[in-house]
Amino acid sequence: MPNFEHPEYPEATLLHLESMVPCRESQVSSLLSIFGERQHFSFPSIFIYGHTSCGKTYVMQTLLETLELPHVFVNCVECFTSRLLLEEILTQLQSLSSEKKHGSHVPCDTFNDFVRLFKQEIITQDLQNQTVYIVLDKAEQLREMEANVLPGFLRLQEMTDRNVTVIFLSEIVWELFRPNTGCLEPFTLYFSDYSIGNLQKILSHYHPPEYSADFYAAYINILLGVFYTVCRDLKELRHLAALNFTKYCEPVVRGEANERDTRRLWKNIESHLKKAMQTVYLREISSSQWERIQKDDGEPGHLKGLSAHAHVELPYYSKFLLIAAYLASYNPARTDKRFFLKHHGKIKKTNFLKKHEKTSNHLLGPKPFPLDRLLAILYSIVDNKVAPTANIFSQITSLVTLQLLTLVGHDDQLDGPKYKCTVSLDFIRAIAR
């Protein structure tokens, strides 16, 4: 028996739908209840929100296609003006009939024209007796369009007097959409983030046919153990799983281990997962380049193009500023006199360490430092005399823009700005060389 129950659709269809949307049963059940039967009037608008890669777009596409409901699916990033958006909806609406696979271009300049043309297309396509769904993905882009577009879509059912439901998919909450002048409130539905158990279940679902499901599930468990703390994006995790699985299988392929020898398989892949962790989200190399590294058993840094940050070109003083920022972030302020003054006088030696200083500063992370301290260290490490000109301050701003430094606190604070250095020791060593 399927978890979903609906008098309109056969049991086989609902079972297939259930298998296609794992870990999203409650949201799909809610949507099925809202949709009702084909000829029923549904909500005028539905607002679905949740973080990126939590299944909003996939669930809506799968649901509408599996149940064969007439729908139009538009990405608001691609259709970045109101005219492009309205014309794309009308064009897709034309292609809903079986005779036409691609609708002809329909010019539409205003929302008033859109309402008129939409009513005509509904009659032409013989869709008066069933709900038509318009899905607007990346709906936060609507806020950048004309002021009448969002309220118009919210009241489209009322203005056209047709059975139409507009579904907004967004990563931000409805409160950030609501116009100051007020509007018709949509039905809101939240898609929560996938838990680690959900990710395990979904990723294990795509196991290669030549290996057992248990073997692939053990691999996914190892992968999530490494990456879950830094990455919960399902798309990125699927990419990482596909990329590193060949390396995980190597001992089994060579006959050195069996599928149940998890310890040996983990030892084989541990170093490679740590390398992959350095480039999560960055896509600094292609999948083929990464596979070549794994076959050659080389270091990622040896391959040209792996790390854009390792080969970044900076102006002369920017390099010294970055080194000074790193020293200021990872050394206590009280050590500056000892490190950067030539004639610092006699310093009393003591073995006493504060409790929090017994831990390596690299483990504790970078500490914020004021601008004055950054410039003082810069003057001491540069051989020639440096004047505090606008050129130096603009280079500090550029380093913040490049995200090599982070501005801590507000821009308007009275005691001067504070910064943090966000680059690693390896990067600073490369710059220092």
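Remember, it's a predicted structure, so these values are computed and weren't measured experimentally.
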So do the side chains of [X] and [Y] get within less than 4.5 Å of each other, counting heavy atoms only?
| X | Y | result |
| --- | --- | --- |
| Asp137 | Cys76 | no |
| Leu237 | Leu203 | yes |
| Leu224 | Gln200 | yes |
| Met145 | Thr81 | no |
| Val21 | Leu63 | no |
| Ile134 | His71 | no |
| Phe111 | Ser82 | no |
| Leu136 | Ile167 | no |

Under 3.5 Å: donor-acceptor pair, side chain of [X], backbone of [Y]:
| X | Y | answer |
| --- | --- | --- |
| Ser170 | Ala139 | no |
| Thr62 | Val59 | no |
| Gln395 | Ser318 | yes |
| Asn221 | Ala218 | no |
| Gln92 | Phe73 | yes |
| Gln125 | Gln94 | yes |
| Tyr419 | Leu371 | no |
| Thr131 | Val164 | no |

How long is the gap from [atom1] on [X] to [atom2] on [Y], to the nearest 0.5 Å?
| X | Y | atom1 | atom2 | answer |
| --- | --- | --- | --- | --- |
| Leu189 | Ile34 | CG | CD1 | 6.0 Å |
| Ile323 | Lys319 | CD1 | NZ | 9.0 Å |
| Cys108 | Leu117 | SG | CG | 5.5 Å |
| Ile392 | Leu378 | CD1 | CG | 6.0 Å |
| Tyr219 | Leu265 | OH | CG | 11.5 Å |
| Arg373 | Leu327 | CZ | CG | 9.0 Å |

Locate the shortest heavy-atom distance separating [X] from [Y]; write the atom from each residue and the value.
| X | Y | result |
| --- | --- | --- |
| Met159 | Val115 | O-CG1, 3.9 Å |
| Leu322 | Cys421 | O-SG, 4.3 Å |
| Cys54 | His51 | SG-O, 2.9 Å |
| His40 | Asn163 | O-ND2, 3.1 Å |
| Ile196 | Tyr228 | N-OH, 3.5 Å |
| Thr165 | Ser42 | OG1-CB, 3.3 Å |

Leu402 and Leu314: CA distance, side-chain angles, deciding distance, side chain to side chain contact (heavy atoms under 4.5 Å, CB included) verdict: CA-CA 11 Å; Leu402 291 168; Leu314 293 171; 4.0 Å; yes

Could you list all the salt bridge (charged side-chain N to carboxylate O under 4.0 Å, His left out) pairs where at least one residue sits in residues 177-206, not counting sequence neighbours?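 Counting only pairs at least two positions apart or across chains, the salt bridge (charged side-chain N to carboxylate O under 4.0 Å, His left out) contacts touching residues 177-206 are Arg178-Glu185.
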
Please say whether the positively charged group of [X], taken as NZ for Lys or CZ for Arg, lies over the ring of [Y], i.e. under 6.0 angstrom from the six-membered ring centre and within 45 degrees of the axis.
| X | Y | result |
| --- | --- | --- |
| Arg155 | Phe153 | no |
| Arg238 | Tyr206 | yes |
| Arg83 | Phe114 | no |

Tell me, with the steps shown, if Val166 and Phe43 meet side chain to side chain contact (heavy atoms under 4.5 Å, CB included). CA-CA 8 Å; Val166 181; Phe43 272 87; over 6 Å; no

Suppose we call two aromatic rings close when their centres sit under 6.0 Å apart. Are [X] and [Y] close by that rule?
| X | Y | value |
| --- | --- | --- |
| Phe245 | Tyr211 | yes |
| Phe4 | Tyr9 | no |
| Phe187 | Phe47 | no |
| Phe191 | Tyr49 | no |
| Phe427 | Tyr326 | no |

Take Phe177 and Glu140 through the test side chain to side chain contact (heavy atoms under 4.5 Å, CB included) and record every step on the way to the result. CA-CA 8 Å; Phe177 274 80; Glu140 51 269 16; 4.0 Å; yes

Are Glu78 and Lys138 ion-paired here, with the side-chain N under 4.0 Å from a carboxylate O?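 Result for this pair is no, no salt bridge flagged.
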
Should we count [atom1] of [X] as having more than 12 external heavy atoms under 6.0 Å?
| X | atom1 | value |
| --- | --- | --- |
| Glu68 | CD | no |
| Phe80 | CZ | no |
| Asn112 | CG | no |

Strictly by modelled atom types, are Gln403 and Thr422 linked by a side-chain donor-acceptor pair under 3.5 Å?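 Note: Gln403 and Thr422 side chains miss the donor-acceptor criterion.
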
Knowing that exactly one of Trp266, Tyr216, Phe215 qualifies, which makes a ring-ring contact (aromatic ring centres under 6.0 Å, His included) with Tyr248?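 Checked Trp266, Tyr216, Phe215 against Tyr248; only one passes ring-ring contact (aromatic ring centres under 6.0 Å, His included): Phe215.
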
Would Met60 and Lys56 count as a side chain to side chain contact (heavy atoms under 4.5 Å, CB included) here? Give the steps. CA-CA 6 Å; Met60 281 311 306; Lys56 303 181 297 294; 6.0 Å; no

